[in-house]
Number of protein chains: 2
Amino acid sequence: MASRRPLYQRIADRLRADITGGELPPGSKLPSEAELAAQWETTRSTAVAGMRVLVNEGLIVADRPRGYFVRRWEPMIYRPQREFHAPEPDLDIFRQRVAEEGDGRQAGQSIEVSIANPAPDVRDRLSLSEGQLVAVRRRTRTIGEEAYNIQDSHVPLNVVQGSDWMSPEDVARGTNRVLGELGYEIVKVLDEIAVRMPTPDEVTRLSLGPGTPVAEHVATGYTMAGEPVQVTRNILPGDRHVIIYERNKRIEEG
Amino acid sequence: MASRRPLYQRIADRLRADITGGELPPGSKLPSEAELAAQWETTRSTAVAGMRVLVNEGLIVADRPRGYFVRRWEPMIYRPQREFHAPEPDLDIFRQRVAEEGDGRQAGQSIEVSIANPAPDVRDRLSLSEGQLVAVRRRTRTIGEEAYNIQDSHVPLNVVQGSDWMSPEDVARGTNRVLGELGYEIVKVLDEIAVRMPTPDEVTRLSLGPGTPVAEHVATGYTMAGEPVQVTRNILPGDRHVIIYERNKRIEEG
DNA sequence: AAGTGGTCTAGACCACGCA
DNA sequence: GCGTGGTCTAGACCACTTA
């Protein structure tokens with residue numbers, strides 16, 4: 001019997017089918033909890049449980065007190081590879097996208113620089129000994145009021161102390177070039193991408209809705225000598241980014 | 001006042017702090033719902049709501065009727081780049097990992113081949129016209145009884161019809177080499193990685209717990225002539241994979 | 001048999017934004 | 001003021017596993 005399936009899940013199943021099937025396109029309004037309770041001859045609590053399933057799947061959002069709506073999906077392109085070439089590559093895509101939309105929202109970023117004890121995973125990746133400090137460059141990219149992603153770069157303090165790397169402003173020539181000028185040109189990068197649910201801190205900083213996972217992209221930059229000099233952690237909300245790479249066979253085999 | 005924060009969230013906050021702070025290490029048992037309700041002088045329903053928060057964050061799992069436990073995190077390395085060189089690269093890592101664990105679980109895979117109408121996004125990426133069919137090679141990798149990831153490869157039917165590509169067995173020399181032998185050597189690959197919550201179908205196929213996001217990795221392979229010949233979609237559960245890339249500056253600029 | 005989480009009922013009061 | 005979702009209470013019955 002299919003009716004062994006709990007009622008709140010059957011409610012969710014039905015609405016999910018309507019959404020993926022196109023009967024309820026992105027942006028459209030769903031029945032209210034009270035209406036659903038009536039339709040299914042149950043209480044509001046059970047209807048609430050059904051809606052919660054879809055919210056946690058990232059399919060719908062509650063816009064109180066207007067109601068539930070089918071979520072829109074408009075990801076931005078994210079290309080880790082480009083960062084080698086242009087100083088602020090995806091910020092360009094970023095601005096371009098907003099310009100295209102013409103909705104008056106401004107793309108921007110804010111930068112903070114500080115000195116800190118590295119987190120254990122950063123210390124590991126930079127092969128630092130206990131007590132060694134790092135400079136941290138924290139950048140938040142925004143569109144309108146909304147934060148789009150967070151990037152934290154970490155470099156051993158002795159490498160960048162007193163340089164432009166620590167300027168809390170946009171460095172036009174790119175911070176990687178600054179590292180090069182300091183004698184620490186990055187020639188190899190290791191990218192690690194993990195997928196997880198956000199921490200509560202990330203939820204507030206990125207104003208994430210429930211059911212929105214994040215990609216955590218950690219790029220470790222190495223010098224010619226094979227020494228790690230920079231660890232950059234990007235937090236990318238899943239509903240706003242697609243990560244893109246290109247690979248060429250001949251080059252990789254060369 | 002901090003007590004403006006809903007009670008069920010304060011319950012979740014407290015337990016989350018104990019988990020991330022190390023007081024409740026991975027694998028340890030949490031209080032039962034009844035115990036929590038008593039401790040916080042509320043009803044079980046509210047305690048349930050608190051636990052649901054942590055479950056949806058992927059921090060804990062309910063192992064009924066034993067109780068709630070802090071989730072363990074043991075990801076596998078996933079390297080899209082390796083696929084150019086070895087035929088079954090991460091399956092090796094796969095087997096190695098299981099061997100290391102020595103827990104008797106067998107790593108394996110099952111393969112199914114079929115002919116189908118391509119999904120719209122696959123048709124797009126392969127630049128097919130309406131009505132053109134594709135061959136689909138669907139592979140599920142397992143450890144013990146548990147599915148670890150799903151891979152669906154799509155190639156225009158006329159390219160691989162009658163070849164080994166369509167054999168529903170492990171092709172030792174690799175399916176990419178088969179494509180090469182057929183005159184469609186892949187020399188460039190575009191990787192797209194999206195992050196989202198799983199569909200109900202994926203939840204059952206991969207036996208995913210709640211609060212587990214997935215990475216959807218779509219690799220489109222191009223021939224020397226720049227024509228797309230193969231679209232491979234990998235679904236990677238977030239709790240079991242870390243995606244790794246390596247980039248070299250000199251090569252990329254060459 | 002006891003204890004666990006899973007589901008469900010039938011209510012209640014609240015903050016919020018819109019008409 | 002009204003309808004929305006957000007939260008909460010005080011119960012209930014169930015399936016399942018372990019002791």
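In this text the structure is predicted, and so the values were computed from the model without any measurement.
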Validation: residues 44-52 of chain B side-chain donor-acceptor distances under 3.5 Å, sequence neighbours left out:
residue	atom	partner	partner atom	Å
B/R44	NE	B/E33	OE1	2.9
B/R44	NH2	B/E33	OE1	3.1
B/T46	OG1	B/T42	OG1	3.4

Should we say atom CD of A/Q9 is surrounded by more than 12 heavy atoms from elsewhere, each under 6.0 Å from it? yes
Whole-Å distance between D/dT17 P and B/D63 CG? 10 Å
Rounding to an integer number of Å, can you tell me how far A/K29 NZ sits from C/dG17 C1'? 14 Å
With under 30° as parallel and over 60° as perpendicular, where do the rings of B/Y78 and B/H241 fit, or are they tilted in between? perpendicular
Listing time: all N or O pairs from protein to nucleotides 6-12 of chain C that are below 3.5 Å?
residue	atom	partner	partner atom	Å
C/dG6	OP2	B/Y68	OH	3.4
C/dG6	O4'	B/R64	NH1	3.1
C/dG6	N7	B/R44	NH2	2.7
C/dG6	O6	B/R44	NH1	3.1
C/dT7	OP1	A/Y8	OH	3.0
C/dT7	OP1	A/Q9	NE2	3.2
C/dT7	OP2	A/Y8	OH	2.7
C/dC8	OP1	A/L7	N	2.6
C/dC8	OP2	A/Y8	N	3.3
C/dT9	OP1	A/T42	OG1	3.3
C/dT9	OP2	A/T42	OG1	2.2
C/dT9	OP2	A/T43	OG1	3.4
C/dT9	OP2	A/T46	OG1	2.6
C/dA10	N6	A/S45	OG	3.3

When rounded to whole Å, the CD to P distance for the pair A/E35 and D/dT4 reads 6 Å
B/R10 with B/D13: basic N within carboxylate O range, under 4.0 Å: no
Can you check salt bridge (charged side-chain N to carboxylate O under 4.0 Å, His left out) on A/R233 and A/D152, steps first, answer last? CA-CA 5 Å; A/R233 171 181 282 120; A/D152 294 347; 5.7 Å; no
